[in-house]
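Encoded as structure tokens, the structure appears first; notes follow it.
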2 protein chains.
Amino acid sequence: MSESGERGGDVPRLGEKSGRRRGSAVTIHEVARHANVSPMTVSRVINGESNVRDTTREIVMQAVRALNYRPNPAARLLAGARDTRIALIYSNPSASYLSEMLVGALDGSHRTAAQLVLDRWDNLKPAAEKAAAQKLSEGIAGVILPPPLCESRAIAAAFAAEGVPAVALATGQAREDVSCVRIDDFNAAREMTQHLIAAGHTRIAFIKGQPTQTASQQRLEGFEAAMAEADLEVDPALVIQGFFTYKSGLEATEKLLARKRVPTAIFASNDDMAAAAISVAHRRQLDVPGDLSVVGFDDTPIATTVWPELTTVRQPIAAMAEAAINLLLHKIRRAKDRHSHQAVDHLVPYELVKRDSVAPPRKS
Amino acid sequence: MSESGERGGDVPRLGEKSGRRRGSAVTIHEVARHANVSPMTVSRVINGESNVRDTTREIVMQAVRALNYRPNPAARLLAGARDTRIALIYSNPSASYLSEMLVGALDGSHRTAAQLVLDRWDNLKPAAEKAAAQKLSEGIAGVILPPPLCESRAIAAAFAAEGVPAVALATGQAREDVSCVRIDDFNAAREMTQHLIAAGHTRIAFIKGQPTQTASQQRLEGFEAAMAEADLEVDPALVIQGFFTYKSGLEATEKLLARKRVPTAIFASNDDMAAAAISVAHRRQLDVPGDLSVVGFDDTPIATTVWPELTTVRQPIAAMAEAAINLLLHKIRRAKDRHSHQAVDHLVPYELVKRDSVAPPRKS
DNA sequence: AAGCGTAGTGATAGCGGTATCAGATAGCAA
DNA sequence: TTGCTATCTGATACCGCTATCACTACGCTT
């Protein structure tokens, strides 16, 4: 019963007799044999635990590299008895965010062998939200909060109280209570405004977003910053409150175009409102972009649905959702280590997408 | 060795002594105990294997629902040599479907313990499609083809050649080469037309959809049938070709409203084109629905984004996607059984959604 | 009556990792 | 030397699920 010395001899080869093994993936056992240690030691090394002698660690690492070993995430998750379910709560699928978000989240969850649980909270009252959070927390290891839920400190607190880590997606700014994955709304808006200014516009209107969302504020500030930097005046009459809905974009644009001195460009805080702006412009026999340039934000499907197609800021939601999942899994793992419980702020690059809704202003 | 009758007695309680279990997720053992069968039987049921007595299956399903059991994907992945990955291939145009389709597909795949693999084929050439199908087939047990891919017999044939069962989503009619999950486009269009006629319209225009999609043809025929049944004439000048895009809807509506005798209602073959019709009507100072009623088809998010909100036909894409997954899994299981290889035609009920874009015609 | 499928079900043994604790080795005070 | 931590490593038992095979009924031949 103690013939561990005679390895490589007639010891039943691991992974050979097994008629069940499918892939030819290297297992931890093979690495262990190669390094002449137990699988447990290999496990310790690859998990960066400290109680392994340096020499041993080095030998193991060499074996890992030699065999190009990649731990099987499914086995890891299973063995850790870690709950692998992570919830994505969406609300008012108003945003065509959803599809892209799902694509990204799905990709991320497959890669990590986590299970994605979708939950829909439409217009819940605060009390109901808290109850829902408590109920959901029982079957979940972490949660992703996309807009507009991500803004609610109450929701974040509810999950925190249940000990469930959360990651907020696409907030306007970093927070101390939850980790965020987001773009730099301020600079994106600033850059977009600079683009408009570079095209020759000086009289630029701005349609604000839902005031409860921090991203709205950031976008407005980015706009104002760019205007100030170019020594351009922001006419307060040309900054209108919107609510991220098509309808609010309609109303805001009506007001804007009813002014005696009409703007030559409109910067809407999202694509839905920008699409609405185009619609109103057309209704008033204005050519876009000839008479009026219109730009949006987010690059949701509607940006390429309308005509002309919108110049907008691309927010890579799929990539952000995937990043959120990874971040969440890290947090879940180290929850027990009592490691850093700090909120992380993960910035993802945005991109200015120039399409057909911008042109130099007509000379007047 | 044959005391299998004494179950539930002093058998060591599964999942109670375990100090290791963290999440409170329901396991297959608990379901098994609840249903008074072995875990293996539960496994068979949730995997849709055929060799389980119907009564047993029903009991197990009840337990599954009662406990809200969701199989642990990590364990499945680890244990199963077989992968139940099923692919959903999407292609840009009708991407508004996407979110709903994903929600449904995700639900379906969780319930059935399948893994959903997303693949995106944008405007591939036939040769590239074939190559992609071959490559994809290696890691996949089945495939779902939503529009517009579902129309291609070549793609269906490519997967058939690889021995991978496919299910087409939202085709216009049944097919012999692949199974379909769809609604009755003909009758839906007919009913919508009747709704318009009942509101008092007699001069109704129709914007056709992408001619390569069979659903387009069905919708047109349903329209024509309703008109004929009401003894109304279909003015050929009022039936215009569109391509399911917003832009094509713009152009088609321009033509329609340029006629001397303008229609009082427009039936667009999908919501994007209907939204475009509203936009053009507004541009021409026409009130919707006062001067012009507009209806769409599909009930995609844009239907409730535009103002006024669209009366349209609800195509329950989420439910259809889930149905497609179930159908596919059945085919996969019985592929080895050499059971029926026939194509199934699964019809799902549609629904007429009446919103604000229809009103009786103005008396002239 | 004996033989032989054939459904339906259960027992067992893993899949590739990790938690846990026991054992081994070494270091160092008593 | 003995005892007793402290450090490192290994053996074992699972995580939740499924492949495989054994077994039980119940027909149906011959």
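Chain identifiers are assigned alphabetically (A, B, ...) following the order of the sequence lines, protein sequences preceding nucleic acid strands; residue numbering begins at 1 within each chain.
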With the threshold set at 4.0 Å, does a side-chain nitrogen-carboxylate oxygen contact exist between B:Lys135 and B:Glu129? no
Whole-Å distance separating the CZ atom of B:Arg44 from the P atom of D:dT18: 11 Å
Could you state the atom-to-atom distance from CD1 of A:Ile28 to P of C:dG16 in whole Å? 11 Å
Counterpart residues, side chain to side chain donor-acceptor pair (under 3.5 Å), relative to B:Ser179 (two or more places apart): B:Lys331
In whole Å, what is the span from the CE atom of B:Met40 to the P atom of D:dT20? 10 Å
Quick one: which of C:dC15, C:dG8, D:dC17 gets closest to the side chain of B:Asn51? C:dG8
Given atom CG of A:Asn36 and atom C1' of D:dT9, what is their separation to the nearest angstrom? 13 Å
Side-chain contact test, heavy atoms from C-beta onward, threshold under 4.5 Å: evaluate it for B:Val37 versus B:Ile59 and give yes or no. no
Of all the choices, C:dG10, C:dG17, D:dG16, which nucleotide is nearest to the side chain of B:Thr41 once you look at every atom? C:dG10
Which nucleotide wins on minimum distance to the side chain of A:Ala75, given the candidates C:dG17, C:dT18, C:dG10? C:dG17
Tell me: CZ of B:Arg33 to P of C:dT9, nearest whole Å? 20 Å
Axis-to-axis angle across the helix from C:dA1-D:dT30 to C:dA30-D:dT1, five pairs an end, to 10 degrees? 60°
Roughly how far apart are B:Cys150 SG and B:Ile144 CD1, rounded to 0.5 Å? 11.5 Å
Under 3.5 Å, is there a donor-acceptor pair between the side chain of A:Ser137 and the main chain of A:Ala133? yes
In chain order, what residues pass the salt bridge (Lys or Arg N to Asp or Glu O under 4.0 Å) check against B:Arg44, with sequence neighbours excluded? none
OP1, OP2 of D:dT18 versus side-chain N and O of B:Ser43: anything below 4.0 Å? yes
It should be established whether A:Ser38 places a side-chain nitrogen or oxygen under 4.0 Å from OP1 or OP2 of nucleotide D:dG10. yes
Can you measure A:Leu78 atom CG to C:dT18 atom P for me and round it to whole angstrom units? 11 Å
Scan residues 53-65 of chain A against DNA chain D and write down, sorted by residue number, each residue with any heavy atom closer than 4.0 Å; if none is found, say none. A:Arg53, A:Thr56
Does a side-chain N or O of B:Asn72 approach OP1 or OP2 of D:dC15 to a distance below 4.0 Å, or not? no
For B:Arg76 and C:dG14, give me the distance from atom CZ to atom C1', rounded to whole Å. 16 Å
Quick one: which of C:dG10, D:dA19, D:dT9 gets closest to the side chain of A:Val52? D:dT9
For A:Ser38, give me all partners under side chain to side chain donor-acceptor pair (under 3.5 Å), at least two apart in sequence or on another chain. A:Thr41
Measure the distance from OH on A:Tyr69 to C1' on C:dG16 and round it to the nearest whole Å. 7 Å
Mind checking what makes salt bridge (Lys or Arg N to Asp or Glu O under 4.0 Å) contact with B:Asp119, not counting sequence neighbours? none
Nearest 0.5 Å, what's the CD1-CG distance between B:Ile317 and B:Leu169? 8.0 Å
Test: A:Arg182 and A:Asp345 ion pair at under 4.0 Å: yes
